[in-house]
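Each chain gets a letter, A, B and so on, in the order its sequence line appears, and its residues count up from 1.
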There are 2 protein chains.
Amino acid sequence: MRSSDQARAMALPLFAGVSPRTTRELFVGAFLQRFPAGTTLLMEGDPVDFLYVLLDGIVELQGAWKHRETTLAVLEPISTFNLAAAVLDAQALATARTIERSEILMLPGEALRRTMKADPDLGFAVAEELSAVLSGAVRATKNQKLRGGVERLANYLLAHCMRQGGAERITLRYEKRILSSLLGMTPETLSRAFVALARYGVEVKGPEISVTRTAAFERFARPTSLIDNHLAEPTRPTSKVEREQGQPVTSWALGAESP
Amino acid sequence: MRSSDQARAMALPLFAGVSPRTTRELFVGAFLQRFPAGTTLLMEGDPVDFLYVLLDGIVELQGAWKHRETTLAVLEPISTFNLAAAVLDAQALATARTIERSEILMLPGEALRRTMKADPDLGFAVAEELSAVLSGAVRATKNQKLRGGVERLANYLLAHCMRQGGAERITLRYEKRILSSLLGMTPETLSRAFVALARYGVEVKGPEISVTRTAAFERFARPTSLIDNHLAEPTRPTSKVEREQGQPVTSWALGAESP
DNA sequence: CGCCTGGTTGAGGTGCGTCAACATGGGTGG
DNA sequence: CCACCCATGTTGACGCACCTCAACCAGGCG
């Protein structure tokens, strides 16, 4: 892998607090690759022993059972995936597929585990990342079990308004059929959920959605920091010099409001 | 905390590969406590900075939103919980409540984080534990989104047959109303799900359930290692001396077939 | 232009929740 | 010891949310 790529990778939140020495060690055997849209990177159940880092593009994580399939997350840069499997050297939890042309860094699991055991800072960083992803997964389960379809859509829209800087206008970066699967419904039901939100001022024109955040809409959606990540307060700054960079671990690799 | 308790705690899978020195350090400020049934240990959103270890009894993890509430997991010994929050020093993900009289070890989060940064073995062990819990959470999401209510119940029964040594007779250790919430349905629907499984030879008498694992039943439930933990192959033994004890990290703190 | 994919709209069915009535059993107090 | 009570579990009737199937529409591309 080229040194310019390596420098870029070392800037990842995951490796922010890790020494250059460890990072170099970690990148032995790593490689950066570009994939076209629609490429299946790994299938659930595969024993792929790599940690993946999405640097550019969009990746969908999905699971399947008995001819049914569902989207577990839609990842945008910068996100990691397959981290848990890499730590345990176990089978992949989900199928990963590029939605558009993507640039992906692949780190050998063996190197990751070996390096974690040598450098406690890396072990801690991985634990932080895993905790964040786990938090997202638990939020996703709550989202799915506690809210109805229209409520899930409403909170998805609010989350993405926040992500795009509190804007009232957002643009879907992927197809609605994928969004419907992420939200746990069929495309038809998603379509009807949008019309149900029209009375709150949600207007849809193709992938362009305008959301006027009325009081009634907020009251209906009722986002909460216990489910919706965008409301979670940053981990309170301990007086310790724990997170030197102050830079949060991003990549909420799983979760309803994933990207 | 008494030294006998400490010895017991040091035998936990989480601390199996960790040096006695580190373990002692970790247990400074730790304490062991008994709680009666029905005690709320922590509420979701609370900034409780402790790692909990359930040594005896049963604990329910639940989440709530807008007057609705759902059971996220039912923990049996030995399980950890609130680990992600302790690592991140963040708010708790779920409310924890004892279902029966329980014995619980509480470790200060500050000590955990400090010790993780000193001993890479502990950091790695925590990462393994988090990976296992994350795996459970992803399985739970798949279970919820891909299967119908009766299918979830069927696979729950199969999982617990395995847990109780492949028996054809299992005993529910907690109320059916909690089980129904864990499976994402109402008590009424659970009741009807049981009668729906009668045609496959499932008989229910109070908390006693007999499951004759007919081919038709297996074909209906169709358990898979990608969702149901009891089928997951143990992580293949790497030639490295990675998991010295060969002892698996247990405590699948979250997940559909949790205990 | 015609095809194909993705999205929308409509009609009808089903799974599951809601509400209500009833049964059962453990616990308490007379 | 029995009467009573309350919580849990079951059963039935009904309604709503969501899925299924089908027709239709719009845009992209050969």
Side-chain angles (χ1 to χ4, degrees), chain A residues 37-38 58 60 64-71 74 97 99-100 143-157 171-199 202-209 220, chain B residues 36-38 58 60 64-71 74 97 99-101 143-157 171-199 202-209 220:
Chain A
I58 304 183
E60 173 190 17
W65 183 75
K66 257 194 189 181
H67 298 164
R68 273 164 269 184
E69 67 175 51
T70 191
T71 301
V74 177
R97 194 184 129 259
I99 287 182
E100 58 179 41
N143 193 42
Q144 186 65 31
K145 290 178 77 174
L146 290 169
R147 305 217 258 230
V150 187
E151 291 165 331
R152 289 196 294 272
L153 174 58
N155 283 289
Y156 175 92
L157 294 177
T171 305
L172 290 181
R173 303 213 30 208
Y174 43 90
E175 295 165 355
K176 289 206 188 80
R177 72 182 297 99
I178 291 173
L179 174 58
S180 70
S181 181
L182 176 66
L183 294 177
M185 54 179 111
T186 62
E188 295 94 322
T189 304
L190 174 62
S191 197
R192 285 184 251 265
F194 270 120
V195 323
L197 290 181
R199 62 185 296 267
V202 174
E203 288 171 36
V204 183
K205 206 170 302 174
E208 307 288 331
I209 304 172
F220 170 76
Chain B
I58 304 183
E60 174 190 17
W65 183 74
K66 255 193 189 182
H67 298 164
R68 274 166 268 184
E69 68 175 50
T70 191
T71 300
V74 177
R97 194 185 130 258
I99 287 182
E100 59 178 40
R101 175 175 169 82
N143 193 43
Q144 186 67 31
K145 288 179 78 174
L146 291 169
R147 306 218 257 230
V150 187
E151 291 166 330
R152 290 197 294 273
L153 174 59
N155 282 289
Y156 175 91
L157 294 176
T171 305
L172 289 181
R173 303 214 27 208
Y174 43 89
E175 295 164 356
K176 289 205 189 81
R177 73 183 296 97
I178 291 173
L179 175 59
S180 71
S181 181
L182 177 64
L183 294 177
M185 52 179 111
T186 62
E188 296 94 322
T189 303
L190 174 62
S191 198
R192 285 184 252 266
F194 270 121
V195 322
L197 289 181
R199 63 185 294 270
V202 174
E203 289 172 36
V204 184
K205 205 169 301 177
E208 307 289 331
I209 304 172
F220 170 75

Among residues at least two apart in sequence or on other chains, which ones pass salt bridge (Lys or Arg N to Asp or Glu O under 4.0 Å) with K205(B)? none

Specify the separation, in whole Å, of atom [atom1] of [X] and atom [atom2] of [N].
| X | N | atom1 | atom2 | result |
| --- | --- | --- | --- | --- |
| L190(B) | dG9(D) | CG | C1' | 10 Å |
| E203(B) | dT10(D) | CD | C1' | 17 Å |
| H67(A) | dT20(D) | NE2 | P | 14 Å |
| R68(A) | dC19(D) | CZ | C1' | 11 Å |
| L172(B) | dT8(D) | CG | C1' | 13 Å |
| E175(A) | dG28(D) | CD | P | 13 Å |
| L179(B) | dT8(D) | CG | C1' | 14 Å |
| K176(B) | dA7(D) | NZ | C1' | 14 Å |

Sorted by first residue and then second, give each salt bridge (Lys or Arg N to Asp or Glu O under 4.0 Å) pair with at least one member in residues 177-195 of chain B; sequence neighbours left out. none

Under 4.0 Å from any heavy atom of chain A: name the first and the last nucleotide of DNA chain C that qualifies, 5' to 3'. dG6(C) to dA11(C)

Among I58(B), L183(B), V74(B), find the residue that satisfies the side chain to side chain contact (heavy atoms under 4.5 Å, CB included) test when tested with I178(B). V74(B)

Separation of L182(A) CG from Y156(A) OH (nearest 0.5 Å): 6.5 Å

Generate the contact string for nucleotides 11-18 of chain D. Rules: B means base contact, S means sugar-phosphate contact only, - means no protein heavy atom under 4.0 Å. BBB----S

Checking the side chain of [X] only, and the main-chain atoms of [Y] only, is there a donor and an acceptor separated by less than 3.5 Å?
| X | Y | result |
| --- | --- | --- |
| K145(B) | T71(A) | yes |
| R97(A) | G38(A) | no |
| K66(B) | L146(A) | no |

Name all residues meeting the side chain to side chain donor-acceptor pair (under 3.5 Å) criterion together with Q144(A); count only those two or more places apart in sequence or in a different chain, and write none if there are none. none

Apply side chain to side chain donor-acceptor pair (under 3.5 Å) to R68(A) and list each qualifying residue two or more places apart in sequence or on a separate chain. E151(B)

